[in-house]
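Every chain is numbered from 1, with letters handed out A, B, ... down the list of sequences.
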Protein chains: 2
Amino acid sequence: MQRFKIDDVAKETGLTKRTIRYYEEIGLIKPPERSEKGTRLYTKEDVEQLKKVIAAREVLGFSLQELHHFLTLKKAIESHHFEYRNAVDQDEKKQELQNIASILRKQIDMLEQKMKKMLELKNELEQLEQRVQTILQEEERRG
Amino acid sequence: MQRFKIDDVAKETGLTKRTIRYYEEIGLIKPPERSEKGTRLYTKEDVEQLKKVIAAREVLGFSLQELHHFLTLKKAIESHHFEYRNAVDQDEKKQELQNIASILRKQIDMLEQKMKKMLELKNELEQLEQRVQTILQEEERRG
DNA sequence: TATAACATTAACGTTAACGTTAGATTTAGT
DNA sequence: ACTAAATCTAACGTTAACGTTAATGTTATA
């Protein structure tokens with residue numbers, strides 16, 4: 001399979017090489033493969049993962065910590081097999097699952113709040129736009 | 001009319017006094033009235049303005065610079081009388097208005113992008129929530 | 001009227017999220 | 001095989017958005 005070096009990834013994603021290494025450093029992306037001599041070699045999936053992170057950061061305005069938190073949560077759900085041997089394990093798992101469920105609900109509610117506020121702002125901007133357009137048209141008529 | 005001192009405003013908004021002064025310092029909120037001896041005295045409207053800023057910052061994840069940019073834009077539209085004396089003035093005004101219109105459009109498009117991405121993330125979270133709920137229910141049945 | 005609980009400015013400290021530079025290897029092109 | 005270009009780690013620099021502290025003055029209340 002094809003591997004990309006960090007400069008290619010940088011150009012593809014628009015991030016700097018420093019930023020990519022930094023994201024790896026803080027655990028936001030998984031450390032990629034290395035060549036024998038230590039050069040980072042990224043797969044296509046690595047790049048996709050990185051692009052997701054960028055979208056979440058840029059578009060959603062999440063902090064890197066929030067992103068890390070979310071990614072950890074997702075992995076916890078996806079990787080856990082939820083097997084157990086005895087009653088104690090079962091109880092622990094249940095607690096954990098309910099905890100995760102609670103966090104998820106909060107995040108979803110937060111997103112809904114954000115979207116609501118965003119819609120309000122959008123409406124406000126559109127009203128402003130309308131006003132500007134009206135003024136321009138009036139000038140056109142008079143001009 | 002009633003005036004509030006900075007500590008009241010801090011308690012009302014949840015910001016620290018330092019933050020409120022800082023927002024004034026960088027021009028994000030207008031400097032409030034002062035008592036003869038220099039104590040800041042805020043009106044109800046000042047507090048409302050501040051709350052709007054908080055919402056935009058917290059909920060929309062805008063940087064203070066972006067907020068400043070937006071507020072400046074809004075003021076430019078609202079305060080401008082769009083009067084002119086001669087053809088040169090008229091041309092300048094028109095340029096300015098078209099510039100503002102262009103910026104507004106970009107911001108609106110950006111908001112739409114953000115909302116779209118946000119919806120995708122919300123769906124993703126809801127799927128995860130569903131999975132967790134399913135697992136919990138299966139345990140309930142077995143348990 | 002004293003004193004505790006506020007207010008002010010000024011300045012230095014802190015954390016996140018990188019940028020920049022340095023010095024040493026590695027890889028790629030001729 | 002040599003040189004230019006790219007990679008690595010390590011470490012210090014920078015900016016935004018405040019926190020903290022200090023030194024000083026003001027307001028409220030017992």
**Student:** Side-chain N or O of R40(B) versus OP1/OP2 of dT8(C): is the shortest distance under 4.0 Å?
**Tutor:**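 Checking dT8(C) against R40(B), a side-chain N or O does come within under 4.0 Å of OP1 or OP2.
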
**Student:** Nearest-Å distance, CD1 (I20(B)) to P (dA17(D))?
**Tutor:**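 For the pair I20(B) CD1 and dA17(D) P, the rounded distance is 17 Å.
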
**Student:** For dG19(C), take OP1 and OP2 only and decide whether either is under 4.0 Å from a side-chain N or O of T16(A).
**Tutor:**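 Affirmative; the distance criterion is met.
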
**Student:** Starting at CG of L67(B) and ending at P of dC18(D), how long is that distance when rounded to a whole Å?
**Tutor:**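 About 10 Å, once rounded to whole Å.
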
**Student:** How long is the span from the NZ atom in K117(A) to the NZ atom in K52(B), to the nearest 0.5 Å?
**Tutor:**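 The NZ atom of K52(B) is 9.5 Å from NZ of K117(A), to the nearest 0.5 Å.
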
**Student:** Strictly below 4.0 Å: does S35(A) bring a side-chain N or O up to OP1 or OP2 of dT26(C)?
**Tutor:**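 Answer is no, no contact under 4.0 Å.
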
**Student:** Could you check K122(A) against E129(A) for salt bridge (charged side-chain N to carboxylate O under 4.0 Å, His left out), going step by step and ending with a plain yes or no?
**Tutor:** CA-CA 10 Å; K122(A) 192 191 155 200; E129(A) 193 189 25; over 6 Å; no

**Student:** Tell me the interatomic distance from K17(A), atom NZ, to dC8(D), atom P, rounded to whole angstroms.
**Tutor:**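 Result: 8 Å.
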
**Student:** Provide, to the nearest angstrom, the distance between the CG atom belonging to L28(B) and the P atom belonging to dA17(D).
**Tutor:**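 L28(B) atom CG is separated from dA17(D) atom P by 9 Å.
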
**Student:** Looking only at non-hydrogen atoms, find the nearest pair between V53(A) and L67(A) and report the distance.
**Tutor:**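 Closest approach of V53(A) to L67(A), heavy atoms only: O-CD1, 3.8 Å.
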
**Student:** Closest-nucleotide mapping onto DNA chain D: is S63(B) or E36(B) further toward the 5' terminus? I mean the 5' end.
**Tutor:**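 On the 5' side of the pair lies S63(B).
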
**Student:** Measure from NZ on K11(B) to C1' on dA5(C) and round the result to the nearest Å.
**Tutor:**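 Taking atom C1' of dA5(C) as the reference, NZ of K11(B) is at 10 Å.
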
**Student:** Rounded off to whole Å, could you give me the CD-to-P distance for the E25(A) and dC12(D) pair?
**Tutor:**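 So the two atoms are 14 Å apart, to the nearest Å.
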
**Student:** Between dA11(D), dC18(D), dT26(C), which nucleotide gets closest to the side-chain atoms of R18(A)?
**Tutor:**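 It is dA11(D).
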
**Student:** Using every non-hydrogen atom in the two residues, find where E12(B) and V47(B) come nearest and quote the distance to one decimal.
**Tutor:**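 Closest approach of E12(B) to V47(B), heavy atoms only: CG-CG1, 3.9 Å.
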
**Student:** Nearest nucleotide by nearest heavy atom, which residue falls closer to the 5' end of DNA chain C, F62(A) or G38(B)?
**Tutor:**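 In this pair, the answer is G38(B).
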
**Student:** Tell me: CD1 of I6(A) to C1' of dT26(C), nearest whole Å?
**Tutor:**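 So the CD1-C1' distance, I6(A) to dT26(C), works out to 15 Å.
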
**Student:** Taking only the side-chain nitrogens and oxygens of K37(B), find out if one of them lies under 4.0 Å from OP1 or OP2 of dA7(C).
**Tutor:**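 Checking K37(B) against dA7(C): no side-chain N or O falls below 4.0 Å of OP1 or OP2.
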
**Student:** State whether T39(A) places a side-chain N or O below 4.0 Å from either non-bridging phosphate oxygen (OP1 or OP2) of dC8(D).
**Tutor:**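 It does not, given that no N or O in the side chain of T39(A) lies less than 4.0 Å from OP1 or OP2 of dC8(D).
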
**Student:** Give I26(A) one of three labels, base, sugar-phosphate or nothing, depending on what nucleic acid heavy atoms sit under 4.0 Å from its own.
**Tutor:**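 Result for I26(A) = nothing.
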
**Student:** Let me know, please, whether K5(B) or R57(B) comes out on the 5' side of the other along DNA chain D by nearest nucleotide.
**Tutor:**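 Closest to the 5' end, via its nearest nucleotide, is R57(B).
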
**Student:** Give a yes or no answer on whether the side chain of S102(B) reaches the backbone of Q98(B) with a donor-acceptor pair at less than 3.5 Å.
**Tutor:**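 Flag not set: sc S102(B) to bb Q98(B) has no pair under 3.5 Å.
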
**Student:** Identify which nucleotide among dT27(D), dA16(D), dA16(C) has an atom closest to any side-chain atom of Q65(B), counting heavy atoms from C-beta outward.
**Tutor:**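 It is dA16(D).
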
**Student:** So, is Y22(A) near the phosphate of dA16(C), with a side-chain N or O under 4.0 Å from OP1 or OP2?
**Tutor:**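 Checking Y22(A) against dA16(C): no side-chain N or O falls below 4.0 Å of OP1 or OP2.
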
**Student:** Using OP1 and OP2 only, check whether a side-chain N or O of T19(B) sits under 4.0 Å from dG19(D).
**Tutor:**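 Yes, within the criterion.
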
**Student:** Under the criterion salt bridge (charged side-chain N to carboxylate O under 4.0 Å, His left out), which of R40(B), K30(B), K51(B) is the partner of D46(B)?
**Tutor:**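 It is K30(B), the one option of R40(B), K30(B), K51(B) that forms the salt bridge (charged side-chain N to carboxylate O under 4.0 Å, His left out) with D46(B).
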
**Student:** Distance check needed: dC8(D) P versus R34(A) CZ, whole Å only.
**Tutor:**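 In whole Å, dC8(D) P and R34(A) CZ are 6 Å from each other.
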
